[in-house]
Amino acid sequence: MIWNPEAECMPREELEKLQGERLRETVRHCYENVPAYRKKLDDAGIKPEDIRSVEDVKHLPFTTRDDLRDNYPFGMFAVPMEDVVRVHSSSGTTGKPKVVGYTRKDIDTWAELMARTIGCGGAGKNDIIQNAYGYGLFTGGLGIHYGAEKIGATVIPISGGNTKRQIMVMQDFGSTMLACTPSYALYIADTALEMGVDVRDLPLKYGIFGAEPWTDGLRKEIEAKMAVRATDIYGLTEVIGPGVASECEVQDGLHVFDDHFLPEIINPDTLEVLPPNMPGELVFTSLTKEAFPIIRYRTRDLSMLKTDPCPCGRTHFRMGRITGRTDDMLIIRGVNVFPSQIETVLLEIEGTEPHYLIVVNRVDSLDCLEVWVEVSERFFSDEIKGLETLEKKIQHEIQNVLGITVTVKLVEPKTIERSEGKAKRVVDNRPKD
Amino acid sequence: MWIVAANVLVGSLLEGMGSACEMIWDREHECMSRRNLERLQLERLKETVRRIYDRVPFYRQKMDEAGVRPSEIHSLSDVRKLPFTVKDDMRANYPFNLFAVPMKEIIRIHSSSGTTGTPTAVGYTRNDLDLWAELCARFISAAGVTSDDVAQVAFGYGLFTGGFGLHYGLEKVGAAVIPASAGNTQRHLTLMQDFGATTLVGTPSYALHLGEAVNESGIRDKIKLRWGLFGAEPWTSQMRAEIEQKLGVSATDNYGLSEVIGPGVSGECEESKDGLHVSEDHFLVEIVDPETLEPLDYGEQGELVITTLTKEACPVLRYRTRDITRLNPEPCQCGRTNARMEKVQGRTDDMLIVRGVNVFPSQVESVLLEIEGTEPHYMLVLYKEGVMDALEVWVEVSERIFSDEMKELRELEESILNRLENALGLSIKLKLVEPRTIARSEGKAKRVMDLREKTT
């Protein structure tokens, strides 16, 4: 179901002209209102008037997560706080989370893009959408919520967790679309079977899954176990949240809503722009955002761009499904986790040595994180109570800082392998397909 | 629309002049003469009763049994001819049998917590959502909040109506909303400092907890809080004074319940803090004697009963809230003319409120009855951990289990704990006790030991 045929099926020539106009306006907006961007543009010797068409994007400087960190919390906002009606944030590399803001118009734009996403996923105003993405500072829950509301579907804002209740609600309210991470979808299906409920017998028909990378193998499993059409959706907080791109019924690449976000693929080392079908790092430039516009944001996600027309009729270019990261970020049950964050926590706790290992397993289709930490000789020979307290403390601190629950395993000194070069800090046991 | 714009202008002018002027969100309806208000209420009451009768079989049956037709509502006091609605009616009609519109017009569902005992569900049309946001905008403005504010919402977002009601109301007012959700005190402190929050929204006990954390961390002079909007549990004026002192805010109470709409039924004005202004143009309120169900006069304390006047999806007739309060019809010095209800003093039933979450002893009972190895003897012990409510559930286990291996006992403990926490939507402590530990009683079993201090 195409939510906005006029925009989603716009002829490329018209679309590219629109992109050019919006790019120029965005660069002007950034130049005039965000000191960090004015400096970047001045350093690059570019003025807003120099942007004459969408091709000129390649002359613009890049933005990275360091820029956000350096301008924490509101330094990159392009409008006064009185015009901001929403703030969201997601975890950053060290200490400071990434913070973004939205004007009323940005919220409307976001809802429009999510309406398109839900339409791509197959649902419309007569559907009942169970939104099991987390509601709160993360963009997932509220993002899907406003889009579903815009379409006029029945929204069940159940948020994540309490799986037994998810299944009860799915039965009692007759949900026809499920929105959550793909691993949680599978977990729901498996838990339902344990409860004697076969999701295939329920009215559920569609699923929009994202916030973590997932393979075609996992898609087939979800579709088989739940009898739904499982659609991959993509987004990131720095750009808007969910609503940057979505698969359509063809399930061959995700349409980037490129009337609002200009995608590029670059070589992460040389920074040169790559042609279609070449894998590289995804970069986005926002074209319509007011409070938090962004210029050539380096996502660290690996993908490629397809420019051939899609049988669904949408003319937005498609990006390939994300194949990996250019950095060491992990995604655990939809939450971004950087090993360096865990390191920071550990370094502050007395009794630990700076040798740790992060082990990622998948248990019952859910990601589980185990943190192995070497403790000093003294600690290990002390009472069991001391060790237990330390274990709990580490677990508690990690929960506070990262918002995730991990199992902590304290090990004797010298247990974790030393290395000559860059220490191997992560063992990811999750299946690759 | 121009009325609102003029208010904003006047409001900001006066603020510029250093005067503490408060904005009335909808002057036309919040400052109506009693006569005009009653006329409007009657018109809407007739419409609502007609609509409910025509569209909701359950209410039609109730009205037929009571021998009353929609055409017999000629005056506001005729509301007394209508039958009451109670929580069990909602449970019995779960999930959607009380809806007055087809599913395709429902764009939101909210529901009570728990997986045992029958839950309830409420629905909203687009107009209902707009109304809800409007009603919340009223008390949010009455509390002092404007579009210049940065609001930190410490209510949970989800199937509860609390978080969402405040969120949409704040958004309507134009404040910058930080949807922080509940829990993780450290993060709340970080947000307060880093984002310069000027408004805090949540339960009063959590606010007090945050207040203590703020002072212990020595960041009291780094935060910019000015307004506190608290509800979902009863709180005393002593508690208000403590919160105001610890956080440096002006704290107001607001009231609502999901069976009626969620937050937005009433709220205090910052100017007087003497009763919660009820949005009477949308809710017809009565006070009745909880035993005899006879109507009581203004000023008399009794049970609050609410009839919705404009809700589309889930209109409700004479809903018995079980909340004890009284009504004051005198116009307030703030200029609003709608009646004020006193801060809720207590409940007429056995429902408890623990950290803002409704808990019925019967929920615990339902869970235990499902689990093998437990006896049907339990006790809910409520106490305070610092300023926060805490709940410990004592459960008697059968002789056999107690004499069995530690491992089995521990597994049983974990199983009961998980199921109780899921059912209640709350984290609790559990204590398994030997048979015959919990006192037996001749009559109605005493299931609750509430050790929390009653400061009035």
Side-chain angles (χ1 to χ4, degrees), chain A residues 72-74 80-89 95-97 99 101-104 107 125-131 134-139 141-142 145 148-165 167-169 171-175 291 397 399-401 403, chain B residues 94-96 102-111 113-116 119 121 123-126 129 146-153 156-160 163-164 167 170-187 190-191 194-197 418-419 421-423 425:
Chain A
Y72 174 91
F74 305 141
M81 262 327 256
E82 303 93 79
D83 292 345
V84 174
V85 299
R86 183 88 60 77
V87 175
H88 277 288
S89 83
K96 303 286 178 220
V99 180
Y102 303 74
T103 58
R104 217 178 274 286
I107 295 287
K125 68 181 194 288
N126 292 329
D127 282 286
I128 298 174
I129 301 179
Q130 184 163 336
N131 189 5
Y135 279 75
L137 284 171
F138 281 130
T139 50
L142 283 169
H145 182 97
E149 200 167 86
K150 190 173 181 92
I151 288 193
T154 307
V155 186
I156 305 169
I158 190 167
S159 198
N162 202 334
T163 310
K164 195 170 169 206
R165 187 159 163 224
I167 292 155
M168 199 183 89
V169 158
Q171 292 176 88
D172 293 350
F173 297 170
S175 313
E397 283 303 303
Q399 166 70 41
N400 262 353
V401 172
Chain B
Y94 173 88
F96 305 146
M103 258 327 260
K104 66 179 200 293
E105 285 178 42
I106 303 282
I107 66 172
R108 178 87 62 80
I109 306 249
H110 279 287
S111 175
S113 71
T115 49
T116 55
Y124 301 73
T125 60
R126 206 177 284 284
L129 287 185
T146 68
S147 59
D148 287 347
D149 283 290
V150 178
Q152 189 161 327
V153 179
Y157 282 71
L159 286 177
F160 281 125
F164 273 102
H167 177 98
L170 287 163
E171 198 169 82
K172 190 153 193 114
V173 166
V177 182
I178 305 169
S181 201
N184 199 334
T185 301
Q186 188 50 54
R187 194 186 55 183
T190 305
L191 290 171
D194 293 358
F195 292 5
N418 278 341
R419 289 164 85 144
E421 288 189 335
N422 268 350

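Chain naming here is simple, since letters A, B, ... match the order of the sequence lines and numbering starts at 1 in each.
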Check: B:Ile106 main-chain N/O paired with A:Thr154 side-chain donor or acceptor under 3.5 Å: yes
From OG1 (B:Thr185) to CG (A:Asn400), nearest 0.5 Å: 8.5 Å
Euclidean distance, B:Glu171 CD relative to A:Ile107 CD1, rounded to 0.5 Å: 5.5 Å
Within-4.5 Å side-chain heavy-atom neighbours: A:Met168 and B:Pro119: yes
A:Phe74, part contacting chain B, at a heavy-atom distance under 4.5 Å: side chain
Shortest non-hydrogen separation from A:Met81 to B:Ala176 and the atoms involved: CE-CB, 4.2 Å
Nearest atoms (heavy-atom pairs only) where B:Pro179 meets A:Val87: CD-O, 3.1 Å
Closest approach of B:Tyr157 to A:Ser159 (non-hydrogen atoms, all atoms of both residues): O-CB, 4.2 Å
Heavy-atom proximity to chain A below 4.5 Å, by part of B:Val153: neither
B:Val177 and A:Val85: CA distance, side-chain angles, deciding distance, side-chain contact (heavy atoms from CB on, under 4.5 Å) verdict: CA-CA 6 Å; B:Val177 182; A:Val85 299; 5.8 Å; no
side-chain hydrogen bond (donor to acceptor under 3.5 Å, both in side chains) against A:Gln399, all qualifying residues, sequence neighbours excluded: A:Thr405
Pairwise distance CD1(A:Ile128) to NZ(B:Lys104) - rounded to 0.5 angstrom: 13.0 Å
Engaged part of B:Tyr124 at the chain A interface, taking heavy atoms whose separation is under 4.5 Å: neither
Whether A:His145 and B:Phe164 hold their rings parallel, tilted or perpendicular, with breakpoints at 30° and 60°: parallel
Rounded distance [0.5 Å steps], CG in B:Leu129 versus CD in A:Glu149: 5.0 Å
Between CD1 on residue A:Ile156 and CZ on residue B:Arg108, distance to nearest 0.5 Å: 11.5 Å
From OG (B:Ser147) to CZ (A:Arg104), nearest 0.5 Å: 8.5 Å
Interface moiety of A:Leu142 toward chain B, non-hydrogen atoms closer than 4.5 Å: side chain
Nearest heavy-atom neighbours spanning A:Gly152 and B:Arg126: CA-NH2, 3.3 Å
Part of B:Leu191 lying under 4.5 Å from any heavy atom of chain A: side chain
Heavy-atom closest contact (A:Phe173 atom, B:Ile109 atom, distance): CE1-CG2, 3.7 Å
Side chain, backbone, both or neither of A:Tyr72 within contact of chain B (heavy atoms, under 4.5 Å): side chain
Pick from B:Gly163, B:Gly156, B:Ser181, B:Ala175 with the largest number of heavy-atom pairs that fall under 4.5 Å of chain A: B:Ala175
Near-ring test B:His167/A:Tyr135, centroid separation under 6.0 angstrom: no
Per-residue contact mode, B:Asp194 against chain A (heavy atom under 4.5 angstrom): both
